[in-house]
Amino acid sequence: MQHFHFLHQLQRCARFHFPTEGRKLHAHIIKIGLYDCSLKLCNNLIDMYGKCGLLDDALQLFDEMHHRDLASWASVFTAHNEANQPQKTLLLFPNMFLDGLWPDHFVFASVVKACANSGALRVGKQVHCQFLKSVFSVDDVVKSSLVDMYAKCGLPDNAKSVFDSILVKNLICSSAMISAYARCGRKNEAFALLGELGEKNLQCWTALISGFVQNGNLIDAVDVFLEVRREGVDMRDPFILSSIVGACASLAALQLGKQIHRLVLGLGYECSLFVSNALVDMYAKCSDIVEAKKIFDSMLTRDIVSWTSIIVGMAQHGQAIEALSLYDDMILAGLKPNEVTFVGLIYACSHVGLVNKGKSLFKSMIDDYKLSPSLQHYTCLLDLYSRSGHLEDAENLVNTMPFQPDEAVWAALLSACKQHGNTEMGVRVANRLLILGPKDPSTCILLSNTYAGAALWDNVSKLRKQLANLEVRKEPGYSSIDSGKETTTFYAGEALYPMKDAIFSLLKEFDSEMRKRGYIPDTTFVLHDMEQQEKERQLFWHSERLAVAYGILRTVPGSVIRVVKNLRICGDCHTVIKFISSITNRKIVIRDANRFHHFNEGACSCNDFW
DNA sequence: TTAGGGTTAG
């Protein structure tokens, strides 16, 4: 009798997330000696701890158990999944076989979920095979999780074949399938499946919208969101709100983002951790780092994503010291950094030339936090060395890191050689790049200019041929500017654009004023085999200049001009915009493919290295 | 005891 009472109470604590009461029950169970004799009680305790977010307690109890059954394993897997530690589930999984147990449908479902959330496709496929050979192969819940796994791993056709094998389809597996299509860009199939559903719920719409966001199909994501709004669907849900805020972040659509923020406030979701994290990131990515920090400061609870978002945001906006100081606050607050936090931190160091600090953070990441650095971490460290002129350390790192350096890595090193005038290393690096066969036209230009600088004309002509043969053309450069009511986009060198004559005259005026102040166009960002005048003409039409000039003509004097560019800003435009900020006394913020540049009084927050 | 939708880098 007593036994059933405890089971019931534990299930209640698990369901309503009452950790304190759950712990008390545990103590009571031990006290009256029920603990050792009931497997079922132990399994329910693990489940309760997992659902209450107390993974360590769940794990401790699990480790202490003398005998475990399938339910014990399934509960501990679910506890890890709930704590967002799917990799741990997969590490534990093989140990289950050592207990002499073979997975049932509960274990299959939780292990497949772990594969889905950690992108472990190979293990997922193995588990799928085991499932098909098992007596549970008709279980629809496991099939639902398999659809989700293939969706998250980017294999919509595999997802579809599992989906087709489900006899009675419900909204859960259909949402997973819609997500599979949306996140790989198969828009029509996603819409068609959604249309087939008799009754839809918010999850289906969220699956579609967030799938589009993840795929970069941002305009469709916003369109669907607005349509769902018009249909009067209740949006009081943190999932859909954080997803659409994320779309605004990627679009750098500050005005739309502000509208969604007002909606969030209206619906009372400003306290949702996911939503406020997304808002912090959105404001940072929409170039309003001040508002991002305000939201961060106003948050009552903050997790590692909140801290990482603001640290990365600060680093990208060139506020490195603040980023590092926020990290200290985060550690004091008792949070543990993750891989993404360290990307932001090392990035911050590279922008103020804190070589030793960056090195020690990299070391701390490995030694103190047992995180394994990825190629991105090495790239950040490389940037730190390169930027600070530690070229030998940089070259050494590229040669010794446990990753095959790709074109971007070599190109970054080559660019640093150019920046610091090290021709000897430049040629050495260029030779490595030449063997690799550069694919990006801007790498070819960099290479060609390096060889031209060293008078190695044979290589120059080889590269010209290679560039002519490159099938992949460079993505056309464009910049957009949000003037409050509308967004206007400018493409490099285009002949027709709004206010063409006024922009042309203004840029001409700037050009003559800048030359008086000592400006010399830097044409090394253009291929060498052109006449000087033609090179200068090419630079003159770069999209960011058109957008900035338009901004000066169309916005209120004194307001901040915010421009978003799809590619990296070129060195000459960077110089020009510094001049423009000083001539016009305007603050100009440009988000390029990599980072933010805050131009003010003739200087840029990136300290001229990016 | 199991399954679907969300946030952070590059």
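Below, chain A is the first sequence line, B the second, and so on; all start at residue 1.
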If you check the [X] side chain, which of [options] turns out closest?
{"X": "A/Asn170", "options": "B/dG4, B/dA3, B/dT8", "answer": "B/dA3"}
{"X": "A/His105", "options": "B/dT2, B/dT7, B/dG4", "answer": "B/dT2"}
{"X": "A/Phe239", "options": "B/dG5, B/dG10, B/dT8", "answer": "B/dG5"}
{"X": "A/Ser175", "options": "B/dG4, B/dT1, B/dG10", "answer": "B/dG4"}
{"X": "A/Thr308", "options": "B/dT8, B/dG4, B/dT1", "answer": "B/dT8"}
{"X": "A/Val343", "options": "B/dG10, B/dT7, B/dA3", "answer": "B/dG10"}
{"X": "A/Asn84", "options": "B/dT1, B/dG5, B/dT7", "answer": "B/dT7"}
{"X": "A/Ile172", "options": "B/dG4, B/dT7, B/dG5", "answer": "B/dG4"}
{"X": "A/Lys51", "options": "B/dT2, B/dT7, B/dA9", "answer": "B/dT2"}
{"X": "A/Ala176", "options": "B/dA9, B/dG4, B/dG5", "answer": "B/dG4"}

Answer with base, sugar-phosphate or nothing: what part of the nucleic acid does [X] contact at a heavy-atom distance below 4.0 Å?
{"X": "A/Asp104", "result": "nothing"}
{"X": "A/Lys40", "result": "nothing"}
{"X": "A/Asp237", "result": "base"}
{"X": "A/Gln214", "result": "sugar-phosphate"}
{"X": "A/Leu208", "result": "nothing"}
{"X": "A/Thr78", "result": "sugar-phosphate"}
{"X": "A/Asn43", "result": "nothing"}
{"X": "A/Ser179", "result": "nothing"}

Between [N] ([atom2]) and [X] ([atom1]): distance, integer Å:
{"X": "A/Tyr150", "N": "B/dG4", "atom1": "OH", "atom2": "P", "answer": "15 Å"}
{"X": "A/Gln316", "N": "B/dA9", "atom1": "CD", "atom2": "P", "answer": "7 Å"}
{"X": "A/Phe93", "N": "B/dT2", "atom1": "CZ", "atom2": "P", "answer": "17 Å"}
{"X": "A/Ile289", "N": "B/dT8", "atom1": "CD1", "atom2": "P", "answer": "14 Å"}
{"X": "A/Lys152", "N": "B/dT7", "atom1": "NZ", "atom2": "C1'", "answer": "14 Å"}
{"X": "A/Ile346", "N": "B/dG10", "atom1": "CD1", "atom2": "C1'", "answer": "13 Å"}
{"X": "A/Asp148", "N": "B/dA3", "atom1": "CG", "atom2": "P", "answer": "10 Å"}
{"X": "A/Asp281", "N": "B/dT8", "atom1": "CG", "atom2": "P", "answer": "5 Å"}

Can you find a side chain N or O atom of A/Lys169 that sits less than 4.0 Å from OP1 or OP2 on B/dG4?
->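 It does not, given that no N or O in the side chain of A/Lys169 lies less than 4.0 Å from OP1 or OP2 of B/dG4.
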Answer yes if the side chains of A/Asn81 and A/Thr89 hold a donor-acceptor pair under 3.5 Å, and no otherwise.
-> yes
Check the angle between the aromatic planes of [X] and [Y] and answer parallel, tilted or perpendicular using the 30° and 60° thresholds.
{"X": "A/Phe93", "Y": "A/Phe97", "result": "perpendicular"}
{"X": "A/Phe342", "Y": "A/Tyr369", "result": "tilted"}
{"X": "A/Phe191", "Y": "A/Phe212", "result": "tilted"}

Measure centre to centre between the rings of A/Trp205 and A/Phe225, then say whether the value is under 6.0 Å.
->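 No, too far apart.
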Lys/Arg cation over aromatic A/Phe296: A/Arg302, 6.0 Å, 45° cone | yes
Got a sec: does the CD of A/Glu231 have more than 12 other heavy atoms crowding it under 6.0 Å?
->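 Yes, the 6.0 Å shell around CD holds more than 12 heavy atoms from other groups.
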